[in-house]
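Reading through the structure tokens given below for one structure.
We use all heavy atoms of the structure for the numbers below, so side chains are in, but hydrogens, waters and symmetry mates are not.
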Amino acid sequence: MTTLLVIAKEPRPGRVKTRLTPPFTPAEAAALAEAALTDTLRAVAAAPAGRRVLVLDGRPGPWLPDGFEVVPQCAGGLDERLADAFARCTGPALLVGMDTPQITPDLLTLDFTDCDARFGPAEDGGFWALGLARPEPGLLRGVPMSVPETGSVQRERLAAAGLRVRELPRLRDVDTAADARAVAALAPDTAFAACLAALTHPGAA
């Protein structure tokens, strides 16, 4: 079965979601990051998988559910860290980040019977998910990360390797306050939406 990988940072103030400050304080941004990570891990926990692995920068906390292996991120840029995550897998693997709390178990329930790769584009030009039937770390190394062309370069890298690629739905990452509001509106039943509501409407019933 597929290995589900989540690459994430420990949600500590000043280390995560810094683009949310302002308008949010570092502590509030970390709270939103923790909520997003909680939603992501819940979705992964509910999806069918042979292994569930959290590739973590930092230490696990009470937000981590049972059933996950926790491994440290390697040193280097994001491309190296993503490559290293896939290097830990021997069969089909799907990797997601912690920036899309709206993901569902259904979105993560994939097979590779008619393709070699699954690619989830993000609205900001990046990607929220990458699945490989046969993990090859070299497909990620050298891809420029966190720039508008990240997704197109990664998609082209897969095609250049001769892989048959099927795309997943386009999703919006949470990077800015506007992103946070939009994603919470799309997924109002998430921990992320509840956290945002508590921060923006304190004391509301």
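Here the shortest heavy-atom pairing between Ala43 and Pro105 reads O-CG, 3.7 Å. Listed here is the closest heavy atom pair of Met98 and Ala8: SD-CB, 3.5 Å. Pro48 approaches Leu4 most closely through the heavy-atom pair O-CD1, 4.1 Å. Between Pro121 and Leu168, the closest heavy-atom pair is CD-O, 3.4 Å. Nearest heavy atoms, Pro13 versus Ala30: N-CB, 3.6 Å. When all heavy atoms of Gln102 and Ala187 are compared, the pair lying nearest together is CB-CB, 3.9 Å.
At least one donor-acceptor pair closer than 3.5 Å links the side chain of Arg157 to the backbone N or O of Arg141. The backbone N or O of Leu196 sits nowhere less than 3.5 Å from a side-chain atom of Glu28 that would complete a donor-acceptor pair. Arg52 contributes a side-chain N or O that, together with a main-chain N or O of Ala47, makes up a donor-acceptor pair within less than 3.5 Å. A donor-acceptor pair is defined here as one N or O able to donate and one able to accept, closer than 3.5 Å; such a pair exists between the side chain of Glu10 and the backbone of Arg59. No donor-acceptor pair under 3.5 Å is formed between the side chain of Arg172 and the backbone N or O of Asp124.
The hydrophobic clustering, which links ILVMFWY residues whose side-chain heavy atoms are closer than 4.5 Å, places Leu108 and Leu5 apart. Leu94 and Phe119 fall into different hydrophobic clusters, where Ile, Leu, Val, Met, Phe, Trp and Tyr are joined by side-chain heavy atoms under 4.5 Å apart, directly or via other members. Val44 and Ile7 are not part of a single hydrophobic cluster, where members link through side-chain heavy atoms under 4.5 Å apart. Both Val6 and Val70 belong to a common hydrophobic cluster when Ile, Leu, Val, Met, Phe, Trp and Tyr are linked at side-chain heavy-atom distances under 4.5 angstrom. Each of Val96 and Val143 belongs to its own hydrophobic cluster when Ile, Leu, Val, Met, Phe, Trp and Tyr are linked at side-chain heavy-atom distances under 4.5 angstrom.
Once rounded to the nearest 0.5 Å, the distance linking OG1 of Thr21 with CG of Leu32 reads 11.0 Å. The distance from the CD atom of Glu123 to the OG1 atom of Thr100 is 12.0 Å, given to the nearest 0.5 Å. Between the CD atom in Gln154 and the CE atom in Met145 there is a gap of 5.5 Å [rounded to 0.5 Å]. Rounded to the nearest 0.5 angstrom, Glu34 CD and Cys195 SG are separated by 8.0 Å. Interatomic distance, Lys9 NZ to Asp99 CG, rounded to the nearest 0.5 Å: 10.0 Å. Phe192 CZ to Asp39 CG: the interatomic distance, rounded to the nearest 0.5 Å, is 8.5 Å.
Residues Leu41 and Leu54 form a side-chain contact, since some pair of their non-hydrogen atoms from C-beta on lies under 4.5 Å apart. Proximity of Val153 to Val147: side-chain heavy atoms (C-beta onward) are nowhere separated by under 4.5 Å. Considering only heavy atoms from C-beta on, Arg12 stays 4.5 Å or farther from Val16 through its side chain. A 4.5 Å side-chain heavy-atom check between Leu110 and Thr2 finds every atom pair outside the cut-off. Residues Asp175 and Lys17 have side chains in contact (heavy-atom distance under 4.5 Å, counting atoms from C-beta outward). Side-chain atoms of Leu158 and Leu130, non-hydrogen and from C-beta on, do get closer than 4.5 Å to each other. You'll find the side chain of Asp179 stays beyond 4.5 Å of the side chain of Asp173, heavy atoms only.
A salt bridge is absent between Arg81 and Asp57; no separation between the charged side-chain nitrogens and carboxylate oxygens falls under 4.0 Å. Between Asp116 and Arg164 a salt bridge is recorded (basic side-chain N to carboxylate O distance below 4.0 Å).
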Stepwise side chain to side chain contact (heavy atoms under 4.5 Å, CB included) test for Leu139 and Leu163: CA-CA 11 Å; Leu139 291 170; Leu163 303 186; 3.8 Å; yes
